[in-house]
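These notes are about the structure you will find just below.
Chain naming here is simple, since letters A, B, ... match the order of the sequence lines and numbering starts at 1 in each.
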Amino acid sequence: MKITGAEIFIECLKKEGVRYIFGYPGGVVLSIFDLLYDNKDIQLILTRHEQGAVHASDGYARSTGKVGVVLVTSGPGATNTVTGIATAFMDSIPVVVFSGQVSTPLIGNDAFQEADIVGISRPCTKYNYLVKDVKDLSRIVKEAFHIAMSGRPGPVLIDLPKDVTASKAEFTWPEIKIRSYNPTYEGNKWMITQAAHLIAKSKKAVIIAGGGVILSNGSKELRELAEHTEIPVTMTLMGLGSFPGAHELSLGMPGMHGTYYANKAIQESDLLIAIGMRFDDRVTGRIDAFAPHAKIIHIDIDPTSIRKNVRVDIPIVGDVKRVLTVLNKVLKEDIKEQWGEVRKAWLRQIYTWRHERPLSYTYSDEVIKPQFVVEKIYELTKGDAIITTEVGQNQMWTAQFYKFDRPRTLLTSGGLGTMGYGFPAAIGAQLAHPNKLVIDIAGDGSILMNIQELATAVLHKLPVKVAILNNHYLGMVRQWQELFFNERYSYSHLHSDIVPDFVKVAEAYGAVGFRATKSSEVEPVLKEAFKIKKTVFMDFIVDWKEKVYPMVPAGAAIDQMLFEEHKDKPEKKLKAVK
Amino acid sequence: MRHTISLLVENKFGVLSRISSLFSGRGYNIESLSVGETIDPQISIMTIVTSGDDQIIEQITKQLNKLIDVIKVVDMTELDHVEREMVLIKVAPKQEDKAEVLRLAEIFRGRVVDSGQKTYTIEVTGDEKKIEAIVELLKPMGIKEFVRTGKIAIAREGVKKG
C-alpha cells in the first residue's frame with residue numbers, strides 16, 4: 001500500500017525507536033504535524049525557538065547516548081537551527097534535524113520561507129540530505145540515523161520539500177550500505193602493543209581523557225587502565241565525568257582554566273596518553289611549548305584528529321572502548337611490572353603540586369562567591385545530578401568545583417562555546433531522566449539567550465533547576481577586559497541587578513523564583529529549590545569582581561599560569577593577547 | 001610542496017561543494033581542480049592540485065577521506081604517474097610573427113583549432129613544464145585569451161615510487 005511521505009517519515013521514526021521530537025511547526029511541515037497530532041508513540045516537545053529545540057535534542061542525546069531528533073519548518077525555522085547544529089557538530093553529538101523545504105519546483109526561486117539550508121548547514125553537519133524523491137525517504141532517514149550515531153558521531157540534517165512529504169510511495173525499510181563510509185573501530189594491534197610497552201617504560205605518564213571516552217561508553221575501561229597502571233588522569237572539559245573527579249588519580253581539568261597540578265603534570269610528563277580528545281587550543285596553550293618532554297600516544301576514532309595539532313608517536317585510530325579493552329589486556333597479560341614502584345616518585349611529585357596550589361577561592365560571609373554556589377550544589381547533590389552549563393565563567397567554575405563522578409552528567413558546549421545552550425539542554429535531559437535532578441548552572445548573560453524556553457519547561461512540567469550566578473556582567477569578557485584591556489569594560493556590563501528581575505521573570509512564566517544575596521542564604525535556597533517539583537530559577541547575586549583562576553593567558557604555555565594573588569598587578573606579567 | 005590528489009567520489013549533487021568548502025573552510029589552497037564522470041556513471045573522478053607541507057597534505061587527505069561521499073583518495077605525488085593538462089591559447093600575432101606562431105605550435109605538437117583574420121587558437125596538451133614553455137614563447141606574440149582544463153593524472157601500472 002502506498003502512503004504519503006509524511007506517513008513514511010512517522011514510520012521511519014517509529015522504526016528508529018524515537019520517543020520525543022523537539023520542534024516548531026510552520027507552513028511546509030503542517031502535514032507532518034497533522035500526523036503527530038494524535039500519534040501515541042511519538043511526542044513533540046514544542047520549544048519556543050528552533051535553536052532551543054536543537055539544544056534540547058542535544059541535551060537529550062548527551063544524557064542518554066541516543067539520537068536527538070528535531071523537526072522545524074523551512075526558511076527561518078531552518079536557519080534558526082544552525083547554532084544548535086554547529087554546537088552539536090563541534091562536540092560530536094548525534095542529532096538528526098528534519099527541516100521542511102518549499103516544494104521542489106519552487107526551490108531556487110526565492111520562494112516564501114525558502115532558505116538553502118543544505119548549503120548553509122553543509123560545513124557544520126556530519127552529512128546532510130535534500131530528499132528529492134519520496135522513494136528515497138526511508139533509506140535516507142535510516143542512513144541519517146546510522147551516520148549520526150556511528151564512527152565519530154555528529155549532526156545530520158534532512159531537508160524535506162513539501163511535495164515530497166505529500167507524494168506517495170510504498171514504505172520499505174531497506175538494508176543500508178554506504179560504500180564510502182566505513183569508520184574504523186578496532187585499533188591496530190601492533191600499535192596497541194607498542195603503546196603498552198611505552199607505558200611500561202614511562203616513569204611520568206599522564207592520561208588526558210576527552211569527550212570520546214564518554215561517547216564510546218569507555219569509562220570503565222579508562223578507570224581500569226588508570227588504576228592498573230597507576231597513571232593519573234586529567235579530563236578535558238568534554239571529558240569531565242569520564243573518570244571520577246573525586247578519585248585520587250584525578251587531576252581535574254587541564255588547560256586555560258585547568259588545575260595547576262594537571263598542567264604541571266602534562267608539562268613535566270614523559271608520556272601523554274591522549275584518549276578521545278583532539279588537543280584543542282584551550283587545552284594545549286602555546287602549542288610549541290606543550291608537553292616538551294613527552295612521547296604521545298593518541299587514541300581517537302577520527303583519523304583527522306591525530307597529528308592535526310600536535311606530533312604523535314603512537315597513533316591509534318579506533319573506538320576508545322575497544323582499543324582500551326585490548327590495551328588493558330595486553331598490559332595485564334604481557335607486561336609484568338610493579339606499577340606501584342614505578343609510579344611512586346611521580347605520584348608523590350603530583351601530590352606536592354596539588355598541595356602547593358589547590359583550586360581555591362576566598363570565601364566571604366558577606367557577598368556570595370560564585371564558586372561557593374557551585375561547591376554547595378556539589379555537596380547537596382553528592383554528584384548525583386545532571387549538570388548543564390552556559391558558557392563563560394559559570395562554565396569554568398562548574399568544571400573546576402563540581403567533581404563529576406559519572407559520564408553523561410555534565411552537558412556543556414565545549415567546542416563552539418554557545419551561550420544559551422545550558423537551559424534548553426537541561427530541558428532535553430530532564431525529559432529523558434524525569435526522576436533525576438537536572439541543574440543548569442548559568443550566568444546572567446547566557447540565560448537570557450534562550451530564556452523563552454521557560455515556557456517549554458513549565459508547560460511540560462519539567463522540574464529543571466537554574467542557578468544563575470548573577471554578577472551583572474558578561475563575566476568572562478569582563479575578566480579579559482580587566483586583565484588585558486586596561487579595565488575598559490566595553491559593553492560587558494549588563495546591569496542585571498536592574499533588569500531583568502529574574503525572580504519575576506520566572507514567576508511570569510509560572511515557574512518558581514528565588515533570590516539569594518548573602519552566603520548564608522545559598523544552602524537554604526538550593527535545598528528548597530531541589531525539593532520543589534517545579535521549574536525553579538535561583539538568582540544568586542554573586543561577587544562581580546570574582547575571576548576564574550588559575551588562568552593561562554592566550555598564547556602562553558600551560559604552566560605559565562596566573563593565580564588569584566597576582567591580581568593587584570596582573571598587567572605586568574601579561575602581554576600576550578591573541 | 002605541490003601535490004596532485006586524485007579522488008573517486010559519488011556522482012551526486014553537492015559533492016563538489018562539499019569538497020571545495022572543505023578546502024576553503026580549513027584554509028587550504030586549490031591550484032586546480034578538474035572533475036568528470038568515470039566509466040561507472042555513479043562515480044566521478046576529481047583531480048585536485050594543492051600545496052602545503054607534509055602535515056597539511058596529511059590533513060587534506062585525511063579530511064577528504066572523512067567526507068562521506070568520497071570513496072577513495074590517492075596522493076598521486078607518492079606514486080609514479082602521468083599528468084596532463086590541456087590549454088587553449090588564442091594568439092593575435094603581428095603579420096611577421098604568424099609563421100613563427102604556427103611553427104611553435106608544431107614544435108609543441110599543438111593544433112590550430114581555429115583561425116580568423118587576426119587570431120589563431122592553438123590547442124596544446126602536456127605536462128606543466130611543456131605548457132609553461134609554450135606560454136612563455138607565445139607571450140611576446142600577443143596572447144589574447146588563455147584557458148586551461150586543470151590537471152588530470154593517472155598512476156602508471158603497478159609501480160610504487162621509493
Where does B:Lys12 contact chain A at under 4.5 Å (heavy atoms): side chain, backbone, both or neither?
side chain
Other residues, nucleotides, ligands: >12 heavy atoms within 6.0 Å of B:Arg111 CZ:
no
Part of residues 49-65 of chain B lying next to chain A, heavy-atom separation under 4.5 Å
B:Gln55, B:Glu58, B:Gln59, B:Lys62, B:Gln63
Flag the one option from B:Ile43, B:Leu22, B:Val9 with the top tally of heavy-atom pairs under 4.5 Å to chain A.
B:Ile43
Heavy-atom count around A:Asp110 CG within 6.0 Å, excluding the residue itself: above 12?
no
Do other residues, nucleotides or ligands put more than 12 heavy atoms under 6.0 Å from the NZ atom of A:Lys132?
no
Name the option with the most non-hydrogen atom pairs under 4.5 Å to chain A; the candidates are B:Leu67, B:Ile71, B:Ile68, B:Leu8.
B:Ile68
Measure distances from A:Asp302 to the heavy atoms of chain B and classify the residue's part below 4.5 Å as side chain, backbone, both or neither.
side chain
If you round to the nearest 0.5 Å, how far is CZ of A:Arg179 from CG of B:Asp69?
10.0 Å
Please check if the number of heavy atoms outside B:Lys151 that lie under 6.0 Å from its NZ is greater than 12.
yes
Just wondering, are more than 12 heavy atoms of other shown residues or ligands nearer than 6.0 Å to CD1 in A:Ile178?
yes
So, the part of A:Arg122 with a heavy atom under 4.5 Å from chain B: the answer is side chain
Applying a heavy-atom distance below 4.5 Å, give me the residues of residues 136-153 of chain A that approach chain B, sorted by number.
A:Ile147, A:Arg152
